[in-house]
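Take a look at the structure below.
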Amino acid sequence: MKKITRAILVLLLAFLNTTIKAQTTYKVHSHNDYAQELPFWYAYANGAASIEADLFLKNNSLYVTHAEAEIVEGRTFQTLYLDRLQKLQESGNLRDVQLLIDFKSEAYATLQRLVEVLEGYPQLLKADKVRFVISGNRPKPEDYGKYPSFIWFDHQNLDELDQIDLNKVALVSTSFKNYSVWNGYGRMTEPDLEAVKAAINKAKKVGKPFRFWGSPDTKTGWARLTRLGVDYINTDQPALAQQYLTNLEANTYNKKTPISVYRPKYGYTTGAKPTNVILMIGDGNGLAQITAAMVANQGNLTLTEIKEIGLVKTTSHDDLITDSAAGATAMATGVKTNNRAIGVDSNGDVLTNLVDKVSTAGFNTAIVTTDAIYGATPSSFFAHRVERDDTEGLVADLNESPLDLFISGGQNQENTIQKKFKTQSLESFETLHEPTAIYLGSNKVPSATSGRGAIFPKAVKKALDVLSAKEQPFFLMVEGAQIDNGGHSNNIGDIVEEMLDFDQAIAEALEFADTHGNTLVIITADHETSGLGIVGGNMKEGRVQGDFLTIDHTGILVPLFAYGPQSQNFSGVYENTDIHHKILETLGIAVENGK
C-alpha cells in the first residue's frame, strides 16, 4: 500500500510543484520530517521549501534518526532522501528545495562521510537545485570555508554574525524559546514581541534568511511570524502550513478608504403601527461577515448603529443547513420547506407569500436585488415551484404575481417578463403607474469588485422615492445577494465589499425611515456562508484577516436588526418563519401560513 501511495505522489509532483511555486509567498520548513508517515514525499509534494533530516553516523552509515538508540536498519539518508531526489532529477521534476541536515553525531566525522555520500550523486549536485545545509552539530565557523561548494551551514549564534565569514551560511536559526514563552494563541506580550523582532533583525541586518525552531506551531503563530519577517516557518504540519500560508494574503483584505456611515436619529414612536416595511436580506451574511466589513471600515457600519437585535434559526424542513430557496421561503411565507423549493411547502403545495398577502391589503410591493429577479431569494416572494432552477416556471409565476416593481439582474428573460412588466431605466424612472422592471444586468448584477459602483444603494433610494410618492403603503424586499458569492469562493475581499455595499443600501433605508417616521426596517440573512472566522487584522488600518471552514452554507444562527415602529418585537431568538408572522402582526394583517 505504501508503495502505491508513493507512486501516486511521484506522479502528482510535477503538478503540485507548478501550482505551489506559482502561489507561494512564504516558505515552510518541515521540522522532524523523518517522523512523517512518508518522510520527504509528504513535505515535498505539499510544497515545503525546506525539509529537515536528522542524521546519525554509525558504522559508516548515515542513519535518519533523532538518536542512536532510535536507529532503524534501512532508514538511511540515501534511501529516504537522496535516492528520491535523484529520481526526481532524472524525471525532470526536481524543484528547488533546501535539505536541512541536522547532525546528531559528532560534526567533523559525520560531515566527512556526508560529503563522500553526496559525491556519489554527481547528477544531483550538478543540477544545483538542492541546497544541503548543515545544522545541529556543526564544525566551527572558521572551518565552514574548508568544505565543498555544495555544503552550506545553518548558523545558530546571533551574537557573532558580524564576526564570522558568512559566505557559506545559508540561513540563521535560533530557538524561539530564548525570546518568548508565547504558545501561538492570542498575542505575544510587548516585551516578548520586541525581543523576537530584535532577533529577526540581527539576521536581516546581514542579509541572511531566518528561522526559529521551537516556535508555536499554530495558524496564528505561522501568520504572526511570517509578518514579522521570519523566512522559514518551522512546522510539524507542512501540508496544513503550506496551504494556510499560500492563502494568507488572499484571506486578508485592507480597505484603504472607508465608506461613510449613517447615524440613525431614533425619532420614531416605538409603539406606533408602521405604514411601510422594508425587509433587507444579506444573502450569506452572518455575524462574521458583518464583523469583517466593520473592521475593514475602521470600526464603523450603519448596520451596527441599530439597537434592536435578534438571532434567527435558519434550518430548513429537510436539512439542518438551509439553502437560499428554503431560507427565503420561510421568511416570505412563514412555513419551513425543503431545500431548493420556492414558495411551496414540503409537499409541494402553494403557499401565500408576503407580496401576495400585503397586496390584498392595499400595499404596493417591490423588490431590489443584486441577483437576477429569478434568483432563489427574490423568487420566494412571488413564485411557487418545487425546484429553484426552474427559471421558466419562476418567470411565468412572476408574470402572475401582484408585484409592482423590481430592480435587479435578469434581463436575459426580458422578452418573457415584458408581457406584464414594462422595462424602464433607473435614470428615467420617476413614477409607478404600471408593473415596472428595471434591469441592472443580464443575469446577476455585476459584483462590487467588478465595477458595479454605487448602483445598488441608488436603486434602493430610487425605489423608496417612487414608492413613497404613492398614496398607498408599501412593502419592499431588498437583497444584497452577492455576499454569498464571496463566501462560496472564500474571498474575504468580495465579502467585505459586498457587505459594505449592502451597508450603504441600509443607510438609504434608515435615512428614509428617519425622514418619514412610519417605516419599519428589518435587516437579516437567509443563512451564513463559508463558516468565516475573523483571525487577525487591524481596525485602525482597515485590515481584516479571515479563515474559512467550508465553501458551503452553515447552520449557525444569523443576526437580525430592526429599526422603526414595533422594532422591539424583533428582539430575541426565533425561527426564520417568525419573521413573516411578526411583519404581518405589526401591520395588523391576519397571519395564515404556519400558525
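The basis for the numbers below is simple: all heavy atoms, side chains too, and nothing from hydrogens, waters or symmetry mates.
A donor-acceptor pair is defined here as one N or O able to donate and one able to accept, closer than 3.5 Å; no such pair exists between the side chain of Asp231 and the backbone of Arg211. Side-chain N or O atoms of Thr302 include one that pairs as donor or acceptor with a backbone N or O of Tyr262 at under 3.5 Å. Side-chain atoms of Asp503 come within 3.5 Å of backbone atoms of Leu303 as a donor-acceptor pair (strictly under, hydrogens ignored). In this structure, Gln545 contributes its side chain and Asp547 its backbone to no donor-acceptor pair below 3.5 Å. Between the side chain of Arg75 and the backbone N or O of Thr65, no donor-acceptor pair lies under 3.5 Å. Gln237 contributes no side-chain N or O that, together with a main-chain N or O of Leu240, makes up a donor-acceptor pair within less than 3.5 Å. For Asn46 (side chain) and Tyr42 (main-chain N/O), a donor-acceptor pair under 3.5 Å exists by modelled atom type. In terms of modelled atom types and a separation under 3.5 Å, the side chain of Ser135 and the main chain of Asp154 share no donor-acceptor contact. Put simply, the side chain of Lys129 gets close to the backbone of Leu94: a donor and an acceptor are under 3.5 Å apart. At distances below 3.5 Å, at least one donor-acceptor pair connects side-chain atoms of Thr218 with backbone N or O atoms of Gly184.
With salt bridges taken as basic N to acidic carboxylate O contacts below 4.0 Å, one links Glu249 and Arg227. Ion pairing of Lys255 with Glu497 is present here, as a side-chain N (NZ or NE/NH1/NH2) and a carboxylate O approach within less than 4.0 Å.
Tyr63 and Glu73 form a side-chain donor-acceptor contact under 3.5 Å, judged by distance and modelled atom types alone. Side-chain N/O atoms of Thr314 and Thr322 include no donor and acceptor closer than 3.5 Å.
When the shell of 6.0 Å around NZ of Lys265 is examined, it contains more than 12 heavy atoms from other residues, nucleotides or ligands. No more than 12 heavy atoms of other residues, nucleotides or ligands lie within 6.0 Å of CD in Gln243, so this atom counts as exposed by the packing criterion.
Annotation: cation-pi pair Arg95/Tyr44 present, NZ/CZ under 6.0 Å from the ring centroid and within 45° of its normal. Judged by the 6.0 Å distance and 45° axis criteria, Lys307 is positioned over the aromatic ring of Tyr266.
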Verify salt bridge (Lys or Arg N to Asp or Glu O under 4.0 Å) between Asp143 and Lys140, making sure each step is shown before the conclusion. CA-CA 5 Å; Asp143 292 333; Lys140 295 176 181 179; over 6 Å; no
When you look at Leu158 and Val172, which way does the side chain to side chain contact (heavy atoms under 4.5 Å, CB included) test go after all the steps? CA-CA 8 Å; Leu158 299 183; Val172 176; 3.1 Å; yes
Would Asp159 and Lys202 count as a salt bridge (Lys or Arg N to Asp or Glu O under 4.0 Å) here? Give the steps. CA-CA 8 Å; Asp159 295 328; Lys202 285 184 177 181; 3.0 Å; yes
Go through Thr76 and Ser61 one step at a time and tell me if the side-chain hydrogen bond (donor to acceptor under 3.5 Å, both in side chains) criterion holds. CA-CA 7 Å; Thr76 67; Ser61 292; over 6 Å; no
With side-chain hydrogen bond (donor to acceptor under 3.5 Å, both in side chains) as the test, would you mind laying out the steps for Ser447 and Gln482 before giving the verdict? CA-CA 7 Å; Ser447 69; Gln482 297 185 42; 4.7 Å; no
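Annotation: side chain of Lys197 is in contact with side chain of Leu193 (closest heavy-atom distance under 4.5 Å). Counting heavy atoms from C-beta on, the side chains of Met499 and Leu301 come closer than 4.5 Å. Between Phe561 and Ile522 the shortest side-chain heavy-atom distance does not fall below 4.5 Å. Tyr244 is not listed as a side-chain neighbour of Ile233, based on a closest heavy-atom distance of 4.5 Å or more. The shortest side-chain heavy-atom distance between Ile51 and Leu99 falls under the 4.5 Å cut-off. Taking 4.5 Å as the limit, some side-chain heavy atom of Leu500 sits within range of a side-chain heavy atom of Val496. Asn300 places none of its side-chain heavy atoms less than 4.5 Å from the side chain of Pro258. Side-chain contact check for Arg224 versus Val196: every heavy-atom pair is 4.5 Å or farther apart.
When all heavy atoms of Ala43 and Asp33 are compared, the pair lying nearest together is CB-OD1, 3.4 Å. In plain terms, the two heavy atoms of Ile492 and Ala250 that are nearest each other are CG2-O, 3.4 Å. Residues Leu311 and Pro559 approach most closely at CD2-CA, 4.1 Å, considering heavy atoms. Nearest approach of Thr246 to Gln242, heavy atoms of both residues: OG1-O, 2.6 Å.
Using the six-membered ring where Trp is involved, Phe502 and Phe456 have ring planes that are parallel, under 30° apart on the 30 and 60° scheme. Between His155 and Tyr144, the angle of the ring planes goes over 60°, which puts this pair in the perpendicular group of the 30/60° scheme.
If you take OG on Ser567 and CD1 on Ile309, they are separated by 11.0 Å, rounding to the nearest 0.5 Å. Note that CD1 of Ile495 and NE2 of His488 are 10.5 Å apart. Values are rounded to the nearest 0.5 Å.
Of the residues Asp102, Asn32, Leu100, Asn234, the one that meets the side-chain contact (heavy atoms from CB on, under 4.5 Å) test with Trp213 is Asn234. Remark: of the listed residues Thr315, Asp283, Asn576, Asp283 is the sole one forming a side chain to side chain donor-acceptor pair (under 3.5 Å) with His527.
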